[in-house]
Structures are given as structure tokens and as C-alpha cells.
Amino acid sequence: MSELKKINLTKAFAGFNEPWVPRICGDINDFQIKLVKLEGAFHWHHHEEEDELFLVVKGTLRMKLREENGGDIVLGPGEYIIVPHGVEHCPTAEPTCEVPLLERNTTLNTGNVENERTVRQPARL
């Protein structure tokens with residue numbers, strides 16, 4: 001049996017500073033809880049098979065979406081958005097924010113784009 005433990009998000013987010021580099025905070029079956037600090041704009045991308053949940057716990061997140069998908073959505077603390085697979089999006093923090101992600105353990109943070117921000121094996125907190 002796995003050890004049961006309580007996670008304090010404020011303390012967990014205080015444990016790292018680098019933006020756009022997700023950290024694994026827990027596992028749920030084939031899914032992972034990843035914590036990420038967002039700062040400025042990411043890049044436009046989509047995920048072929050995975051939906052993405054962005055839950056803002058601190059700061060402001062502008063989820064840039066193409067007009068055909070309804071345009072930008074601005075989120076504050078306590079709000080979330082689920083971006084369906086195949087939908088092109090560009091997360092932008094105004095100016096910084098903290099976001100837990102719930103996604104498959106195979107989800108690549110940069111989706112269909114590979115660049116200097118691609119993290120193939122996130123570190124564990």
C-alpha cells in the first residue's frame with residue numbers, strides 16, 4: 001500500500017522557481033498531478049489525444065484561443081479551463097501564475113511542438 005500524505009500546494013510551489021517546467025507532485029492511475037509556474041507567454045500548440053485541465057491557484061492566466069474556438073479566456077485564482085484535444089492554445093500568464101495540471105503520464109508539455117521548453121521527463125517534487 002502506498003503512503004498516504006497531505007500536500008500543501010503553497011509549500012510545493014515554493015519548492016521551485018523555474019517557469020514552464022512541470023514538476024510531478026503525485027500519481028493517480030495513469031495520470032499525474034503536475035505543478036507548473038507560468039510566466040509570460042508559452043507558444044501555440046495542441047495535443048492530439050489529451051485534453052488538458054488548467055486550474056489557477058495563484059495569479060492570472062490568459063488562455064489564448066483562435067477565434068473559431070471562442071477567443072481568449074482569462075482565469076483567476078479558483079478558476080479552471082479544460083482545453084479539449086486538438087484545440088490550438090497558447091497559455092499566457094499575466095504576469096505570473098501557479099497552476100496544477102492533471103494529465104496522462106504520457107502527456108508532453110509542448111504537445112505537437114518540440115522546442116527548448118519540451119520536458120520529456122519531469123522531475124518529482
Side-chain angles (χ1 to χ4, degrees):
M1 180 174 183
S2 296
E3 175 188 351
L4 298 176
K5 61 182 179 177
K6 175 174 72 171
I7 303 297
N8 179 293
L9 288 176
T10 302
K11 289 180 182 177
F13 275 112
F16 66 97
N17 290 315
E18 191 175 7
W20 301 111
V21 179
R23 306 305 200 283
I24 299 169
C25 188
D27 297 279
I28 303 172
N29 300 313
D30 294 335
F31 285 77
Q32 291 176 323
I33 298 170
K34 297 176 184 173
L35 303 184
V36 65
K37 290 185 178 182
L38 311 181
E39 187 174 283
F42 198 50
H43 63 263
W44 286 94
H45 69 285
H46 70 273
H47 298 268
E48 293 292 335
E49 298 180 14
E50 302 94 358
D51 300 339
E52 280 190 295
L53 168 85
F54 291 83
L55 169 64
V56 177
V57 296
K58 183 178 179 183
T60 302
L61 173 65
R62 175 179 300 275
M63 186 59 69
K64 292 183 179 181
L65 300 166
R66 302 293 187 195
E67 287 302 318
E68 61 268 18
N69 291 313
D72 295 0
I73 297 174
V74 177
L75 305 162
E79 298 179 318
Y80 71 89
I81 185 172
I82 297 172
V83 179
H85 64 281
V87 173
E88 194 173 31
H89 57 287
C90 178
T92 303
E94 300 176 341
T96 59
C97 65
E98 296 175 350
V99 176
L101 305 168
L102 176 63
E103 54 193 22
R104 288 185 186 144
N105 56 17
T106 56
T107 300
L108 192 60
N109 67 319
T110 55
N112 66 318
V113 176
E114 291 202 38
N115 60 27
E116 68 282 353
R117 289 189 168 161
T118 301
V119 178
R120 293 206 163 275
Q121 303 221 320
R124 289 190 174 271
L125 286 177

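All residue numbers refer to positions in the sequence shown, counting from 1.
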Does a side-chain heavy-atom distance below 4.5 Å link F42 with N109? yes

Can you hop from L61 to W20 via hydrophobic side chains spaced under 4.5 Å? yes

Which other residues end up in the same hydrophobic cluster as V21, if Ile, Leu, Val, Met, Phe, Trp and Tyr are linked when side-chain heavy atoms come under 4.5 Å apart? V119

Of the non-hydrogen atoms in L9 and P100, which two are nearest, and what is the gap between them? CD1-CG, 4.4 Å

Exceeds 12 heavy-atom contacts within 6.0 angstrom, atom CD of E49: no

same_hphob_cluster(I24, V57) at 4.5 Å side-chain heavy-atom cutoff: no

Are L101 and M63 connected, step by step, through hydrophobic side chains (Ile, Leu, Val, Met, Phe, Trp, Tyr) whose heavy atoms are closer than 4.5 Å? yes

Heavy-atom distance under 4.5 Å between the side chains of D27 and R124, does that happen here? yes

For the side-chain contact (heavy atoms from CB on, under 4.5 Å) test, which of E50, K34, H47 pairs with E103? K34

Atom CZ in R66, atom CG in D72: separation rounded to 0.5 Å? 10.0 Å

I33 versus I7: any side-chain heavy-atom pair under 4.5 Å? no

For P19 versus E39, what's the shortest heavy-atom pair and its separation? CB-CB, 3.7 Å

Between L65 and E88, what is the shortest heavy-atom contact and its length? CD2-O, 3.8 Å

If you group Ile, Leu, Val, Met, Phe, Trp and Tyr by side-chain heavy-atom gaps below 4.5 Å, do L38 and V83 land in one group? yes

Distance in Å, H46 NE2 paired with E52 CD, rounded so as to fall on 0.5 Å steps: 11.5 Å

With sequence neighbours excluded, residues passing side chain to side chain contact (heavy atoms under 4.5 Å, CB included) with T10: N8

Taking H85's backbone N and O only, do any of them form a donor-acceptor pair with D51's side chain (distance below 3.5 Å, no angle check)? yes

Here the pair of heavy atoms bringing C97 nearest to G59 is CB-CA, 3.7 Å

Mind listing the side-chain donor-acceptor pairs of residues 74-81 below 3.5 Å, one per line with the distance, residues two or more places apart or on another chain?
| unit_1 | atom_1 | unit_2 | atom_2 | d |
| --- | --- | --- | --- | --- |
| E79 | OE1 | G76 | N | 2.7 |

Please report the closest heavy-atom contact between H45 and P91, naming both atoms and the distance. CE1-CD, 4.0 Å

Do the side chain of K37 and the main chain of F16 share a donor and acceptor less than 3.5 angstrom apart? yes

Of all heavy-atom pairs linking P22 and P122, the shortest is O-CB, 3.4 Å

Are any non-hydrogen side-chain atoms of N105 and Q32 less than 4.5 angstrom apart? yes

Path from I28 to I82 over hydrophobic side-chain contacts below 4.5 Å: yes

